[in-house]
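Single-structure report; data block below.
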Amino acid sequence: MAQAVSCPGATVETGSKVFRISAQLEAGQSLEVCVFASLYKETDPDWADPIREAENARNAGFDRLLQEHRSAWKKLWDQVLVRIYGDEAADLALRYSMYLLLISTPFHTDKVAVPGRGLSGQVYKGAMFWDTELYMLPMYLAGLPQTARNLVRYRVNTLDGARAKAQEYGYRGAFYPWESQEDGRDSCTEYNLTDIFTGRPLRTYFRDKQIHISADVAYGIWEYFRWTGDESILLDGGAEVLLECARFLYSWSYFKNEKNRYELLDVTGADEYHERVNNDFYTNYMAKKALQAMDFAISWLSERHPQALEELLDRLDFRTDLPAILDLKEKLYVAAPDPDTGLIEQYDGHFRMEDITPEELTRRIIMPNEYLGSPVGLAVQTQVIKQADVCLITALFPGDFSPQVRRANYQYYEPRTEHGSSLSSCIYALSAVKCGLPQLAKAYFMQAATLDLKGAYKRFVGDLYIGGTHPAANGGSWMVAVRGFGGLSLEQDGIHVQPILPEDWTGIEYPLSYLGNRFRIYAGKDHITATAAPDNCRAASLFLGEECRQLSPGEQVTVRYQEVLS
Ligand code: IFM
């Protein structure tokens with residue numbers, strides 16, 4: 001980092017740490033001081049000498065830099081802007097939320113991703129979480145696919161760290177860090193909370209047991225590939241990550257003979273209040289997705305790049321593992337909805353826990369900020385959960401569940417959620433949209449989108465300050481707006497737009513990037529308009545409401561539709 005100062009009319013003495021500025025001023029006379037700072041990291045691909053860059057900035061001058069800054073932001077907003085019509089507060093909240101996410105984005109490099117607390121908040125030591133793949137990636141995929149690629153590439157670059165972590169715990173393959181650093185090490189500590197009653201460190205298992213992180217990483221790579229069609233991600237290390245994550249899941253799994261199925265035991269799912277459980281729904285479901293992604297990638301490579309596949313299988317010595325991993329893909333246990341109630345049990349035995357509301361639980365709290373999760377927190381023996389686990393899956397993959405199952409699980413889990421994580425409200429918003437409940441969804445959406453604007457979040461757990469901005473909630477709000485209300489989804493047959501708007505919204509407009517083509521979508525109460533960018537490389541089909549329409553480069557198409565509340 002370096003600074004340069006400009007201060008016309010004064011003498012500036014430059015030291016290595018301080019500047020001394022001396023000037024004679026008449027009463028009422030003002031002095032303009034401009035400080036130009038430059039900041040580079042040694043891993044930045046565009047690294048330049050910071051001192052020279054700060055001096056270059058000073059020579060360019062404030063006005064020119066301001067102009068460049070404005071045009072850079074304009075270019076960025078032109079690619080990503082989402083507009084909500086009919087609800088100014090929602091429009092502003094989403095814009096601010098996106099702004100926070102954008103200023104935390106390392107556009108220029110694939111050596112880091114977006115940290116869990118953005119540019120602020122010390123608690124996570126600048127570390128990157130599953131938040132990136134599950135909550136943020138969708139925004140980048142729609143407007144900034146090159147940035148999405150960088151974020152996904154960060155996981156390719158840190159594969160060795162994930163391999164080392166798997167080895168450390170006695171497994172094979174890639175066990176990605178819970179709190180990932182630049183070099184792929186896990187900075188999550190084993191005792192990362194303090195017992196507020198005794199002052200003693202608490203052993204938590206975020207680092208050891210949230211194995212879903214490897215499935216999430218695989219899912220992120222696969223999502224990138226599905227939306228962009230950029231097979232170079234597979235060839236440049238992405239396929240290797242998919243194989244190594246699958247190998248890790250296999251290495252963790254346990255084959256239960258009498259049930260003829262594999263299980264994932266002793267894990268912590270998305271709901272962090274219940275640690276070390278068996279067959280957490282989110283974990284098993286995502287593991288299955290990751291294994292399917294590996295299988296698809298192998299088929300894709302074997303058809304199009306057989307030599308690259310052969311080389312990869314040999315290099316990873318994967319041929320002996322492959323049949324067993326494919327068997328795991330087929331026989332991995334994923335809890336089915338109860339045929340009578342439609343309910344999915346979050347993990348083995350969850351429904352046997354004490355069934356109380358978060359309000360009742362809160363009344364049992366003795367000390368403010370006491371930790372509700374493991375090992376002895378108040379929520380552990382109850383059905384109160386921290387954040388969505390089953391509903392995260394039904395919200396992300398609504399097409400895999402009947403409307404009755406989606407609704408039954410929303411109605412069961414939502415009142416039992418304490419929302420102890422900033423990742424919670426956006427998912428209940430998305431879940432509510434997917435249950436055809438746009439008004440309920442709107443309330444949760446506003447909570448998520450205004451989280452940082454209002455500063456209305458949990459600040460302490462025990463004596464640990466956990467404040468800062470919340471990129472996952474920022475990206476999650478985008479997901480609710482575009483993938484929820486705006487109805488954007490990528491199905492097996494292609495892109496679908498099937499909006500469900502809250503009563504007061506008259507429309508929503510958003511960018512879409514798909515297989516290298518760009519579009520803007522406007523979804524109103526009774527019509528959808530899609531506009532293809534003039535420089536698209538070819539015509540593309542989109543499902544707008546119930547109609548499949550072809551759009552040539554530069555073409556605009558409008559269809560009338562009827563909202564279907566599932
Ligand atoms: O990744 C999340 C986790 O799910 C809940 N606690 C905070 C983490 C970082 O945002």
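Both counts, for ligands and for their atoms, begin at 1 and track the order of listing.
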Regarding E275 and K209, does a basic nitrogen lie under 4.0 Å from an acidic carboxylate oxygen?
no
Any pair counted as salt bridge (charged side-chain N to carboxylate O under 4.0 Å, His left out), so long as it reaches residues 446-458, sequence neighbours left out:
E418-K458
Would you mind listing every salt bridge (charged side-chain N to carboxylate O under 4.0 Å, His left out) that reaches into residues 132-146, with sequence neighbours excluded?
E133-R155
Would one find more than 12 heavy atoms of other residues, nucleotides or ligands at under 6.0 Å from atom CD of Q381?
no
Tabulating one pair per line, provide the atom names and distances (0.1 Å) for every N/O atom of ligand 1 that is less than 3.5 Å from a protein N/O atom.
| residue | atom | partner | partner atom | Å |
| --- | --- | --- | --- | --- |
| ligand 1 | 1 (O) | W130 | NE1 | 2.8 |
| ligand 1 | 1 (O) | D131 | OD1 | 2.7 |
| ligand 1 | 4 (O) | W130 | NE1 | 3.1 |
| ligand 1 | 4 (O) | Q387 | NE2 | 3.2 |
| ligand 1 | 6 (N) | E272 | OE1 | 3.4 |
| ligand 1 | 10 (O) | D131 | OD2 | 2.6 |

Say whether Y333 and N278, considering side chains only, have a donor N or O and an acceptor N or O under 3.5 Å apart.
no
Give every residue pair that meets the salt bridge (charged side-chain N to carboxylate O under 4.0 Å, His left out) criterion with at least one member in residues 175-186, sequence neighbours excluded.
K41-E182, K125-E179, K165-D186, D183-R185
